[in-house]
Amino acid sequence: MRLGQKEFLTRAGQETEDIIGWPVRACCCSAAPAVKVLLQNPQHSGHLVDLYLCGHHYRQSFGALVQTGATTVTRQR
């Protein structure tokens, strides 16, 4: 845990999210998430899916995200 940051723990004692509700680890790898991507769920109209990406994987998938019309939110540290 980082100093000054409240962490929520699972039953196994693993850090799952910080005080602002972002997970400690990205969906794509073990790095901290830099971007939250909001994608439309094709099966449920109007339902958004959160995808938390590290900076590297966000840059790597930027073109595909633009093509899908995804919305991104950057993490304020």
Side-chain angles (χ1 to χ4, degrees):
M1 282 187 233
R2 278 178 247 158
L3 186 61
Q5 195 175 38
K6 180 180 175 185
E7 302 285 339
F8 298 93
L9 304 177
T10 64
R11 289 184 190 173
Q14 299 291 324
E15 298 173 2
T16 57
E17 60 183 43
D18 62 20
I19 196 157
I20 59 172
W22 283 54
V24 175
R25 305 234 180 328
C27 297
C28 53
C29 66
S30 62
V35 177
K36 177 166 109 175
V37 178
L38 302 172
L39 297 167
Q40 288 286 339
N41 184 340
Q43 308 225 339
H44 301 288
S45 178
H47 181 71
L48 295 176
V49 176
D50 296 343
L51 179 64
Y52 294 89
L53 298 176
C54 69
H56 166 77
H57 285 108
Y58 172 66
R59 289 186 299 273
Q60 194 173 33
S61 59
F62 183 76
L65 294 171
V66 169
Q67 288 179 342
T68 62
T71 302
T72 60
V73 178
T74 56
R75 186 175 194 163
Q76 301 295 321
R77 291 186 181 236

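In this structure, Leu39 and Ala70 approach most closely via the heavy-atom pair CD2-CB, 3.4 Å. Residues Cys28 and Cys54 share a closest heavy-atom pair of SG-N, 3.6 Å. Pairing each heavy atom of Leu53 with each of Tyr58, the nearest pair is CD1-CA, 4.0 Å. In plain terms, the two heavy atoms of Lys36 and Trp22 that are nearest each other are N-CH2, 3.4 Å. The two residues Cys27 and Leu51 come nearest to each other via the heavy atoms CB-CD1, 3.7 Å. Nearest heavy-atom pair across Gly55 and Ala34 is N-CB, 3.7 Å.
With values rounded to the nearest 0.5 angstrom, Leu38 atom CG is found 5.5 Å from Asp50 atom CG. In this structure, Leu48 CG and Gln40 CD are separated by 5.0 Å, a value rounded to the nearest 0.5 Å.
Every residue two or more places apart in sequence or in another chain that forms a side chain to side chain contact (heavy atoms under 4.5 Å, CB included) with Gln60 is listed here: His56, His57.
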